[in-house]
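The figures here come from the full heavy-atom set of this structure, side chains too, leaving out hydrogens, waters and symmetry mates. Only a predicted model underlies this, so the values are computations on that prediction, with no experimental measurement involved. We count ligands from 1, going down the list as the structure has it; atoms in each ligand are counted the same way.
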Amino acid sequence: MKIAKTVQFAALAASLLAAAALSQTPAPIPRNLAFGNETIREDTLRADLTFLASDALQGRMSLETGDEAAIQWIASEFAKAGLQPVAEGSYLQPVPLIEYRPDRGQNFVALRRGEKEMQWKFPEVLGGYRQDVDLTADVIFAGFGITAPELGYDDYAALDVHGKIVLVFDHEPQEADANSIFNGTGNTRYATTRVKVLNAQAHGAAGVLIVAEPNRKHPSNQERVARIGGSAVRTTPLPSQALADDELHIPAAIVSDAAAREFLATAGAAPSDLQSAMDKDLKPQSRALSDTRATIHFRNISVTTGTSYNVVGLLEGGDPKLKSETILISGHHDHDGMSGSEIWHGADDNGSGSVGVVVLAHAFAANAKAKSGIAPKRSILFVVFAAEERGLLGAFYLAAHPLRPLDSTRAMINFDMIGRNETPSEQTKGLLEIPADTTNRLNLIGALYSPDYNRTVVEQNKHVGLVLDDRFDHESALNVFFRSDQFPFVLKNIPAFWWFTGFHPDYHHTTDTADKINYVKMAKILRLAYLSGYQFANAATPPRFVTSPGAKALR
Ligand SMILES: [Zn+2]
Ligand SMILES: [Zn+2]
């Protein structure tokens with residue numbers, strides 16, 4: 001009896017286990033996609049990534065020889081895959097850059113009020129500009145610097161800032177409010193400094209001072225960047241780079257809380273009260289600051305020009321009508337280079353994403369050619385961007401100089417760091433919960449702006465079985481939403497997600513090496529992207545972009 005019972009129990013347990021295993025067994029891949037899917041192999045990923053992250057490529061610094069070797073390698077792989085060279089017959093789209101090194105000793109922001117002048121320098125003042133700046137103008141407080149008509153919110157309402165310097169708070173109102181029309185506790189497009197400076201420029205401002213919002217519950221951007229720590233050992237700081245023809249052409253300086261308090265001394269309310277008032281009812285608190293004149297003075301130690309390249313290749317769609325539409329699959333090839341004999345290998349960041357784009361180019365092209373396979377109906381543009389680490393420069397360049405029409409670009413899959421298990425580090429400490437087991441976990445960033453896209457990936461995941469995670473869409477401390485190459489395309493109303501395995505202690509350190517990559521997971525991520533990419537390319541209705549996700553809360 002006892003034995004029988006045990007046997008019975010064991011049999012039951014075994015069948016339960018089998019059922020559990022069965023439920024976790026991924027659904028089979030559609031036959032006509034299997035050929036390409038099988039080309040995504042761990043050994044290829046390892047070999048390619050070991051090369052890209054090797055000492056020989058010297059950390060792939062934008063405009064330096066190691067990155068040029070990476071560019072050539074990616075272009076040659078696109079050629080092997082049979083992609084079309086669509087940058088005027090080339091796989092290389094030139095990205096003209098200006099490299100400059102801000103002179104921290106000379107740069108300052110000054111305040112003149114009556115006869116009194118105050119001046120702040122690094123680290124109370126951060127920022128720089130691609131050319132000399134000598135700007136003096138009256139200062140106007142412009143709240144969070146946001147104009148969001150669809151949310152009924154405008155910090156510039158009834159404000160004339162022509163020729164003035166505006167002072168704005170970083171981020172966005174009601175950040176701690178889960179029900180905020182500004183995406184609850186997550187970010188919207190308006191929370192990033194570039195969008196604020198562009199908005200100031202559009203309103204005619206001559207310059208911008210940005211200060212971290214006074215009532216913030218998170219580190220300022222500068223404190224957050226300092227926490228990464230990986231550049232602390234550099235003998236010379238990383239250079240700044242900018243697009244030579246950047247649409248942004250007014251300077252901005254980030255100033256400390258203390259400096260901002262002085263500027264706002266004639267505002268009639270304390271900075272924290274100004275923020276509290278805006279947080280309370282989303283009514284502007286913008287105002288001219290009487291007797292407040294600012295100077296922004298920027299100098300550079302050096303200014304040089306150079307050209308990097310977005311590596312691009314097109315797989316033309318198989319459908320006579322839909323082939324005019326485009327799916328983007330992207331990553332970035334550059335990283336942080338060298339300092340002395342130290343090399344920032346950038347295996348995860350972003351050797352992993354570069355290899356991912358290359359491997360998918362081969363997979364899609366092979367499947368389109370295979371007897372058992374099908375071609376995607378829409379065309380797929382594969383892009384490995386230049387100078388992401390210097391400010392998403394290659395991506396901003398392509399968004400401004402598109403090789404395919406943006407209004408018929410239906411979806412973008414951007415890979416940046418898809419090779420590691422997310423683990424705690426100084427950067428995320430106290431700011432983000434990290435699940436205990438991340439060995440099979442992938443973060444997707446951007447679902448707020450396209451729930452359709454998200455549904456497609458979730459649906460395709462039945463063939464792959466990753467754990468999908470949306471934590472980064474609900475936090476505003478790490479600014480992840482703005483921090484990779486999908487963002488310039490989100491600004492162009494394209495459903496664009498960043499696929500990201502998360503931070504770890506080797507992030508932006510010399511220890512981000514190829515031996516630490518989880519190749520099993522990386523291959524699964526690429527298979528999921530392959531299957532999702534086919535859906536985006538072939539679905540009758542491509543994913544919609546939601547222009548103003550928070551506006552729903554207004555209804
Ligand atoms: Zn990156
Ligand atoms: Zn990076």
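- Between the side chains of Asp67 and His335, no donor N or O sits under 3.5 Å from an acceptor N or O.
- Ion pairing of Arg189 with Glu172 is absent here, as no side-chain N (NZ or NE/NH1/NH2) approaches a carboxylate O to less than 4.0 Å.
- Between His332 and the options Asp416, Asn310, Asp485, a side-chain hydrogen bond (donor to acceptor under 3.5 Å, both in side chains) holds for only Asp416.
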For this session: Show your reasoning for whether side-chain hydrogen bond (donor to acceptor under 3.5 Å, both in side chains) applies to Glu175 and His218.
Result: CA-CA 10 Å; Glu175 207 169 57; His218 54 75; 3.0 Å; yes

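- Under 2.8 Å from the Zn ion (ligand 2), one finds the following protein N/O/S atoms: Asp349 OD2, Glu389 OE1, Glu389 OE2, His508 NE2.
- A salt bridge links Arg420 with Asp506: the closest approach of a Lys/Arg side-chain nitrogen to an acidic carboxylate oxygen falls below 4.0 angstrom.
- Partner of Tyr453 under the ring pair (Phe, Tyr, Trp, His ring centres under 6.0 Å) criterion, chosen from Trp498, Phe497, Phe545: Phe497.
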